Amino acid sequence: MADFAWWQRGVIYQLYPRSFQDGDGDGVGDLAGIRQRLDYLAWLGVDAVWIPPIYPSPMADFGYDITDHCAIDPLFGTLAEFDALLAEAHERGLRVILDFVPNHTSDMHPWFQDALRGRDAAHRDWYLWADPAADGGPPNNWRSHFGGPAWTLDPATGQYYLHAFLKEQPDLNWRNPAVARAMAQVMRFWLDRGVDGLRLDATWHLIKDEHLRNNPPDPSWHAGLPEHEKLAHVYTSDRPEVQRLVCELRQVVDEYPDRVLIGELYLPIERVVAYYGTTGNGIHLPANALLIGAPWDADSIGAAADRYEALLPVFGWPNWALGNHDKPRIAGRVPPGHSRLAALLLLTLRGTPTLYYGDELGMRNGEIPPAAIRDPIERNMPGLGRGRDPQRTPMQWDDSPNAGFSPGQPWLPVAAGFETVNVAGQRADDASLLTLYRRLLQLRRAEPALAVGRYAGQGAPPGILRYEREHDGRCLTVVLNFNETPRRIPGLQGRVLLSTLGRDEGRDIDDSLLLLPGEGAILAGRPDPAAG
Ligand code: NOJ
């Protein structure tokens with residue numbers, strides 16, 4: 001295990017700062033709240049916590065629109081509180097990863113405010129400007145991911161500026177070396193403070209075609225999908241130059257020992273793996289969305305895992321996630337009872353897992369009444385099911401009002417069912433999902449084969465996913481029954497270390513194992529009798 005970095009061995013927990021714990025009673029989560037809950041994270045047994053943006057922001061995109069990259073928004077606390085949080089996390093053996101948002105700033109950022117002063121402004125070229133098309137409209141057909149054109153006219157200077165997301169989030173010009181230098185200083189600011197890693201937001205968007213060519217139509221578009229998906233974003237994302245850029249960002253991280261660079265990437269898996277760099281000089285963990293996008297069946301998931309393993313460069317370390325603050329929660333995407341299978345999958349596939357807060361309880365997407373909608377995606381593109389409020393509802397700590405999240409009115413409504421789905425109740429229940437997550441996390445620590453071992457997919461009956469993890473001669477077999485009926489899995493020997501339903505644990509299996517619907521298990525190879 002010592003040959004592996006902490007971010008290879010460990011498990012990352014992603015929280016959403018507005019929704020994890022409110023420490024000051026204003027209904028919005030904050031640093032004081034996170035500090036109160038560090039003991040929970042240590043008890044759960046994760047290794048690192050990823051905190052999405054906590055920087056000063058007008059909150060048009062809830063923190064992904066930043067006005068000062070080197071400070072803390074008063075809504076969340078102060079820099080001194082952040083330093084205290086970091087120290088307290090480290091005391092508990094928890095690492096801290098922050099979001100780093102290089103693609104854009106807030107339109108209220110002093111750089112952009114300066115850029116608006118005129119075509120000769122010092123920061124004008126820090127952003128992406130273009131003259132109107134011949135008809136006075138936007139320079140080309142590029143569309144924003146949050147609805148509408150990706151260009152907004154600045155009437156005072158007569159030019160359009162580009163924004164991949166909201167018009168309040170102007171895109172930075174990464175071809176300008178001054179931008180690269182300034183953002184490297186931002187990274188150093190946090191790395192100097194002792195932050196253990198950075199998650200690059202919107203990595204694949206960083207560079208756009210310099211000729212501003214129109215994006216071609218995407219023939220797979222159909223009614224019901226957001227309008228920007230009518231276009232294939234070939235000239236606005238995953239441009240070849242992004243590869244060079246991520247290597248430069250990696251060099252900054254490499255100025256510090258033992259830090260991790262994670263990259264957000266929604267791309268086909270063969271493109272995701274390109275972000276490791278040609279020699280491992282790119283992103284440590286280019287995030288894959290395979291378990292978020294794959295149909296929930298043994299064949300699809302097994303094929304996705306095998307293909308990913310086959311595509312990984314020799315120096316590439318895999319990673320997995322079931323969800324995040326942008327995607328519907330896993331509990332609602334799988335059949336009832338399959339949250340347990342999902343937990344087993346996430347924590348036993350080879351690679352670094354990221355666990356989204358509340359998924360360890362089986363939290364479900366909240367119902368958001370129209371008057372409570374906060375997410376700009378839902379506001380701009382209503383009814384398409386892309387709104388992200390449902391997966392950002394307050395963490396469910398107990399069955400008290402507001403689920404123990406806040407004494408004040410929570411910024412988003414608490415999801416239904418919190419009276420039974422909460423930490424306090426599940427902590428006390430040996431059969432709960434939370435207990436299962438905790439046991440799996442403990443087993444990963446105890447069994448290097450699970451944390452860092454080799455992966456080998458294995459043939460299995462229909463609806464069964466089976467794979468082996470092996471390290472230093474210790475071989476574990478993982479079997480998962482996706483069927484709605486019990487299945488006997490032939491050709492299995494060894495001791496049952498864990499079952500997602502707590503069945504047969506400690507029992508030695510001679511030739512086959514019966515799995516109930518939605519049950520999964522981990523078996524250790526039969527101990528060598530000669531070894532005593
Ligand atoms: C990706 C982030 O995860 C998402 O929440 C955000 O809205 C966009 N990037 C824009 O920053």
Side-chain angles (χ1 to χ4, degrees), residues 12 14-20 29 50-67 69 73 97-109 112 127-128 142-148 150 152 162-172 174 183 186 197-208 226 228-229 233 236-238 242 246 261-267 272 275 283 285-289 292-293 319 321-329 354 356-357 365 373-381 384 386-393 411-412:
I12 300 170
Q14 181 200 353
L15 54 76
Y16 194 65
R18 295 179 71 90
S19 302
F20 196 56
W50 155 25
I51 308 177
I54 45 179
Y55 318 112
S57 164
M59 302 288 166
D61 188 21
F62 296 109
Y64 284 96
D65 49 319
I66 298 169
T67 52
H69 294 88
D73 194 291
I97 297 165
L98 289 185
D99 240 285
F100 171 60
V101 185
N103 181 68
H104 45 267
T105 67
S106 163
D107 61 341
M108 302 308 285
H109 193 293
F112 191 70
Y127 294 87
L128 294 159
W142 295 352
R143 308 296 289 178
S144 153
H145 286 259
F146 286 180
T152 290
L162 185 74
H163 48 91
F165 302 97
L166 295 174
K167 69 176 179 11
E168 292 85 358
Q169 294 168 294
D171 281 21
L172 284 163
W174 274 87
M183 292 306 268
V186 171
L198 297 169
R199 175 260 191 191
L200 290 176
D201 182 66
T203 310
W204 74 118
H205 285 283
L206 285 175
I207 297 273
K208 292 85 184 168
H228 70 270
E229 291 181 14
H233 295 267
T236 40
S237 63
D238 193 26
V242 184
V246 297
L261 186 62
I262 302 174
E264 184 198 27
L265 294 159
Y266 287 102
L267 290 172
V272 169
Y275 283 78
I283 297 171
L285 296 176
N288 87 63
I292 296 174
N319 62 84
L322 296 166
N324 58 45
H325 62 297
D326 295 325
K327 299 292 173 188
R329 282 195 180 271
T354 299
Y356 186 51
Y357 85 96
N365 280 359
I373 292 170
R374 306 293 296 267
D375 183 24
I377 292 193
E378 187 62 31
R379 289 186 170 182
N380 293 351
M381 303 185 285
L384 297 181
R386 296 294 176 99
R388 301 168 295 178
D389 294 327
Q391 57 265 29
R392 297 175 176 181
T393 60
W411 77 287
L412 280 176

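One-based numbering, in listed order, for ligands and for the atoms of each. What you see is a predicted model; the values in this text were computed from it and never measured.
Within the structure, ligand 1 lacks V101 among the residues with a heavy atom less than 4.0 angstrom away.
Ring geometry for H325 against Y64 counts as parallel: the plane angle stays under 30°, on a 0 to 90° scale with 60° as the upper cut. Between F112 and Y127, the ring planes lie perpendicular to each other; the angle is over 60°, past the 30° to 60° tilted range.
The contact set between ligand 1 and D326, taken as ligand atoms under 4.0 Å from a residue heavy atom, comprises 1 (C), 2 (C), 3 (O), 4 (C), 5 (O). Residue H104 has at least one heavy-atom neighbour below 4.0 Å for each of these atoms of ligand 1: 10 (C), 11 (O). For ligand 1 and R388, the ligand atoms under 4.0 Å from any heavy atom of the residue are 4 (C), 5 (O), 6 (C), 7 (O). Less than 4.0 angstrom separates some heavy atom of E264 from each of these atoms of ligand 1: 1 (C), 3 (O), 9 (N). Residue R199 approaches ligand 1 through these ligand atoms, each under 4.0 Å from one of its heavy atoms: 3 (O). For ligand 1, the atoms lying closer than 4.0 Å to a non-hydrogen atom of D61 are 6 (C), 7 (O), 8 (C), 10 (C), 11 (O). The atoms of ligand 1 that sit less than 4.0 Å from any heavy atom of F146 are 7 (O).
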- Item | CA sep, side-chain torsions, deciding dist, call: Y266, H145, side chain to side chain donor-acceptor pair (under 3.5 Å) | CA-CA 13 Å; Y266 287 102; H145 286 259; over 6 Å; no

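For atom 2 (C) of ligand 1, the closest heavy atom belonging to the protein is D201 OD1, 3.0 Å.
Ring pair Y16/Y357: centre-to-centre distance not below 6.0 Å.
Counting heavy atoms closer than 4.0 Å to ligand 1, residue R392 contributes side-chain atoms (C-beta onward) but none from N, CA, C or O. Neither the backbone nor the side chain of H145 has any atom closer than 4.0 Å to an atom of ligand 1 (non-hydrogen atoms only).
Look at D389 and R374 and you find no salt bridge, because none of the NZ, NE, NH1 or NH2 atoms lies under 4.0 Å from a carboxylate O.
Taking every heavy atom of both residues into account, M59 and G63 meet most closely at SD-N, 3.5 Å.
For H109, there are no side chain to side chain donor-acceptor pair (under 3.5 Å) partners at least two apart in sequence or on another chain.
Here the options are D61, D107, D65, the test is side-chain hydrogen bond (donor to acceptor under 3.5 Å, both in side chains), and the partner is Q169; only D61 passes.
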